[in-house]
Amino acid sequence: MSASLQLYGDELLNAVFANFSRPQLRFKTTESELMGVFYRLLRRREYRALAESYPFDPDGPEPRSKALADAFESLQQCRLIGRLNPDLVVYEVSTALGSRYTKFIEPKLGRRKPLVKRLARAVEAGLKIVA
């Protein structure tokens, strides 16, 4: 993947969430569960090119990616992912997240767009979707 197509910061999470099966999808998770989903998926050969800027530290009680944790926090701070309950475990993808993806991130993906779509489907399948 060339440097111009490399995803940084919250771009990978933005791209994945923007490619969920429906806009404003709600999902229930903890940061730990979300890290586990991404850890399992980004280790697969097919997604390694997307994982370059998101290394995991496998030491400790569970694998953790500081870059992905910071990215998730960034999307929450920007209100692109909304926390919907006092326990802070139900999140809703905002419509603004899709707009940001279309304008700024999708053009960077080029031929990797189908790969991101597959990753989004796999991440969505690993989350508890809330009606």
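Heavy-atom basis, side chains included; hydrogens, waters and symmetry copies ignored.
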[atom2] on [Y] to [atom1] on [X], rounded to 0.5 Å:
X      : Y      : atom1 : atom2 : result
Tyr54  : Ser65  : OH    : OG    : 8.5 Å
Ile129 : Thr29  : CD1   : OG1   : 9.5 Å
Gln6   : Glu11  : CD    : CD    : 9.0 Å
Glu33  : Lys28  : CD    : NZ    : 9.0 Å
Phe38  : Arg64  : CZ    : CZ    : 14.0 Å
Asn19  : Leu119 : CG    : CG    : 9.5 Å

Look only at the side chain of [X] and the backbone of [Y], and say whether a donor-acceptor pair between them is shorter than 3.5 Å.
X      : Y     : value
Arg40  : Gly36 : yes
Asn14  : Asp10 : no
Thr102 : Gly98 : yes

Are [X] and [Y] packed together at the side-chain level, in the sense that at least one heavy-atom pair is separated by less than 4.5 angstrom?
X      : Y      : answer
Ile81  : Leu13  : no
Leu97  : Phe20  : no
Tyr39  : Met35  : no
Leu68  : Leu42  : yes
Arg79  : Ser94  : no
Leu109 : Tyr101 : yes

Would you name the heavy atoms of [X] and [Y] that are closest together and state the gap between them?
X      : Y      : result
Ala120 : Val16  : CB-O, 3.2 Å
Gly9   : Ala71  : O-CB, 3.5 Å
Leu7   : Ser53  : O-OG, 3.1 Å
Ser21  : Arg121 : N-NH1, 3.4 Å

Does CZ belonging to Arg43 count more than 12 external heavy atoms closer than 6.0 Å?
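No, CZ of Arg43 has 12 or fewer neighbouring heavy atoms, counting only those of other groups under 6.0 Å.
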
For the pair Val93 and Leu75, evaluate side chain to side chain contact (heavy atoms under 4.5 Å, CB included) and give the outcome as yes or no after the intermediate values.
CA-CA 9 Å; Val93 176; Leu75 291 177; over 6 Å; no

Taking only distance into account, with no hydrogens and no angle test, what donor-acceptor pairs under 3.5 Å do side-chain atoms of residues 55-62 form with protein atoms, sequence neighbours excluded?
residue: Asp57; atom: OD1; partner: Asp59; partner atom: N; Å: 3.1
residue: Glu62; atom: OE1; partner: Ser32; partner atom: OG; Å: 2.8
residue: Glu62; atom: OE2; partner: Ser32; partner atom: OG; Å: 2.7

Could you check, using the six-membered ring where one of them is a Trp, whether Phe72 and Tyr91 have ring centers closer than 6.0 angstrom?
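Yes - the distance between ring centres of Phe72 and Tyr91 falls below the 6.0 Å cut-off.
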
Tell me whether the centres of the aromatic rings in Phe27 and Phe17 are closer together than 6.0 Å.
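Centroid distance Phe27-Phe17: below 6.0 Å, so yes.
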
Check salt bridge (charged side-chain N to carboxylate O under 4.0 Å, His left out) between Arg118 and all other residues, then give those that pass, not counting sequence neighbours.
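Salt bridge (charged side-chain N to carboxylate O under 4.0 Å, His left out) list for Arg118, sorted by chain: Glu46.
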
Just to verify, what does Gln76 make a side chain to side chain donor-acceptor pair (under 3.5 Å) with, not counting sequence neighbours?
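Gln76: side chain to side chain donor-acceptor pair (under 3.5 Å) contacts with Arg83.
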
